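Nothing fancy with the numbering, it's 1 onward along the sequence. What you are looking at is a predicted structure, and each value in this text was computed from that prediction instead of being measured.
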Amino acid sequence: MVRKMMWMDASICDQIQKCYDEGEFIDGSDSGTSNREIKRSLQLEHNDTAFALWEDYFWKSPFASAIRVKRTSGPMFVKYTEEDRGHYDFHNDAPIMGRKLRTDYVMITAINDHNEYEGGDLEVIMGSETYAYRLNKGECILFDPNLWHKVTPVTKGERRVCVTWLETLIQDVFIRELLYDYQDLEFYAINAIDKSKWRHVVEPATYFNQIRYKLLRQYSSTYDD
């Protein structure tokens, strides 16, 4: 599953960008390979302001609730610069992080707009095809960390993104994607229903909600394993 959506307000991105401008950065090898032929990036040293802005906005967002997030790796603020020809060659991500977090999804959020740099495309291989993505400020892409993905070299400007890994309440991949497909169907169906022709004693939104609850009750896991 690959999903792209606008979720973070541009004003929050701009506040985080101030942390980029004023903060200290370390080499990206701190969170991956030290082979600079494979990976050239910089990551913001832990910054309480940027961390708090992201965490507060994330956990209050309908987005986190909709995808049933159990816990996250926390935000990692990364930049790819023109001077470094910042890039990250094809790779996939670790299944377990911090000995506890199961990485169901990797979530990449654009902190600046793709028009502010050249190059820096996110490429994802699905089957026999490779797809390229460029994100607007505040937009994210969410996908399976098992998929091969890369960032092409930045040739002008600076690409700023927040990378986060998510564990959801649903471990079964099929059920997880079924649940998200159902939520899409629910949204479109609710907006298309002619309520004058709805004959059930329970109103439509509540009726649909009961089906989602059945899935969650059967397949979700809330304990710490």
Side-chain angles (χ1 to χ4, degrees), residues 1-21 23 25 28 31-32 39-44 47 50-51 53-67 69 72-93 103-126 129-166 168 177 180 183-184:
M1 184 183 77
V2 177
R3 290 177 179 242
K4 191 169 75 162
M5 64 202 81
M6 182 66 68
W7 81 279
M8 180 175 277
D9 190 270
S11 65
I12 303 297
C13 293
D14 290 340
Q15 291 181 63
I16 292 174
Q17 289 212 67
K18 291 180 181 178
C19 300
Y20 270 76
D21 295 335
F25 282 79
S31 60
K39 181 182 183 183
R40 291 192 183 188
S41 65
L42 297 168
Q43 60 193 63
L44 185 65
N47 182 292
F51 188 91
L53 282 166
W54 193 94
E55 285 278 300
D56 184 63
Y57 198 84
F58 179 81
W59 289 110
K60 289 179 179 178
S61 70
F63 170 78
S65 175
I67 63 175
V69 177
T72 82
S73 63
M76 183 171 69
F77 299 102
V78 181
K79 66 179 180 180
Y80 297 82
T81 67
E82 172 186 353
E83 293 77 15
D84 245 358
R85 284 187 65 83
H87 67 278
Y88 197 168
D89 209 349
F90 276 118
H91 64 286
N92 47 37
D93 301 333
T103 56
D104 294 335
Y105 294 111
V106 56
M107 174 183 172
I108 301 171
T109 302
I111 303 301
N112 67 339
D113 195 84
H114 68 86
N115 290 325
E116 297 178 33
Y117 56 88
E118 294 178 7
D121 292 4
L122 172 68
E123 294 188 354
V124 181
I125 296 177
M126 288 177 278
E129 303 298 315
T130 301
Y131 298 87
Y133 299 92
R134 295 179 67 82
L135 303 177
N136 297 306
K137 182 193 297 186
E139 192 172 33
C140 80
I141 187 167
L142 185 80
F143 60 93
D144 183 344
N146 287 310
L147 294 174
W148 292 104
H149 54 286
K150 71 180 285 187
V151 178
T152 64
V154 171
T155 57
K156 184 177 181 181
E158 186 172 289
R159 177 181 186 260
R160 298 177 170 186
V161 296
C162 176
V163 184
T164 314
W165 290 270
L166 310 178
T168 71
E177 297 195 7
Y180 300 154
Q183 290 181 164
D184 286 342

Would you call the rings of Tyr133 and Tyr131 parallel, tilted or perpendicular if under 30° counts as parallel and over 60° as perpendicular? tilted

Checking Arg134 side chain against Gly119 main chain: does a donor-acceptor pair fall under 3.5 Å? yes

Cut-off 3.5 Å, side chains only: do Asn136 and His114 have a donor facing an acceptor? yes

Using the test side-chain contact (heavy atoms from CB on, under 4.5 Å), find all partners of Ser73 that sit at least two apart in sequence or belong to another chain. Leu101, Thr164, Trp165

Donor-acceptor pair, side chain of Gln183 and main chain of Ala66, under 3.5 angstrom: yes

Are a donor atom and an acceptor atom from the side chains of Thr103 and Asp93 found within less than 3.5 Å of each other? no

Could you tell me if the side chain of Phe143 sits less than 4.5 Å from the side chain of Ile108, heavy atoms only? yes

Do Tyr88 and His149 come close enough that some side-chain heavy atom pair is under 4.5 Å? no

Quick one: list whatever passes side chain to side chain donor-acceptor pair (under 3.5 Å) with Lys137, sequence neighbours left out. Asp14

Walk me through whether Arg85 and Thr155 qualify under side-chain contact (heavy atoms from CB on, under 4.5 Å). CA-CA 6 Å; Arg85 284 187 65 83; Thr155 57; 3.5 Å; yes

Tyr20 (side chain) donor-acceptor with Val78 (main chain) under 3.5 angstrom: yes

4.5 Å side-chain heavy-atom contact, Ile16 and Met8: yes

Working to the nearest 0.5 Å, report the span between CD of Glu139 and CH2 of Trp7. 12.5 Å

OG1 on Thr72 to CD on Glu55, rounded to 0.5 Å: 5.0 Å

Please check if atom NZ in Lys18 has more than 12 non-hydrogen atoms from other residues, nucleotides or ligands closer than 6.0 Å. no

Does Gly120 offer a backbone N or O that forms a donor-acceptor pair with the side chain of Thr152 under 3.5 Å? yes

Please check: side-chain N/O of Asn112 versus main-chain N/O of Gln17, any donor-acceptor pairing under 3.5 Å? no

Would you mind reporting whether Ile67 and Asp104 have side-chain heavy atoms less than 4.5 Å apart? no

Is a donor on one side and an acceptor on the other found under 3.5 Å between the side chain of Tyr57 and the backbone of Asp9? yes

Output for pair (Met6 CE, Thr109 OG1), nearest 0.5 Å, gives 10.5 Å

If you take the centroid of each ring, where Trp contributes its six-membered ring, are Phe51 and Phe77 closer together than 6.0 Å? no

Taking C-beta and beyond as the side chain, do Tyr180 and Arg3 meet within less than 4.5 Å on heavy atoms? yes

Contact list for residues 140-157, test salt bridge (charged side-chain N to carboxylate O under 4.0 Å, His left out), sequence neighbours left out: Asp89-Lys150

d(Arg40 CZ, Glu83 CD) to nearest 0.5 Å is 12.5 Å

Taking NZ, NE, NH1 and NH2 as the nitrogens, is one of them in Asp21 or Arg160 under 4.0 Å from a carboxylate oxygen of the other? yes

Should Tyr117 and Thr81 be marked as a side-chain contact (heavy atoms from CB on, under 4.5 Å) after you check the CA-CA gap, both sets of side-chain angles, and the distance that decides it? CA-CA 9 Å; Tyr117 56 88; Thr81 67; over 6 Å; no

For the residue pair Val161 and Leu135, establish whether any side-chain heavy-atom pair is separated by less than 4.5 Å. no

Under a 4.5 Å cut-off applied to non-hydrogen side-chain atoms, are Phe58 and Pro75 in contact? no

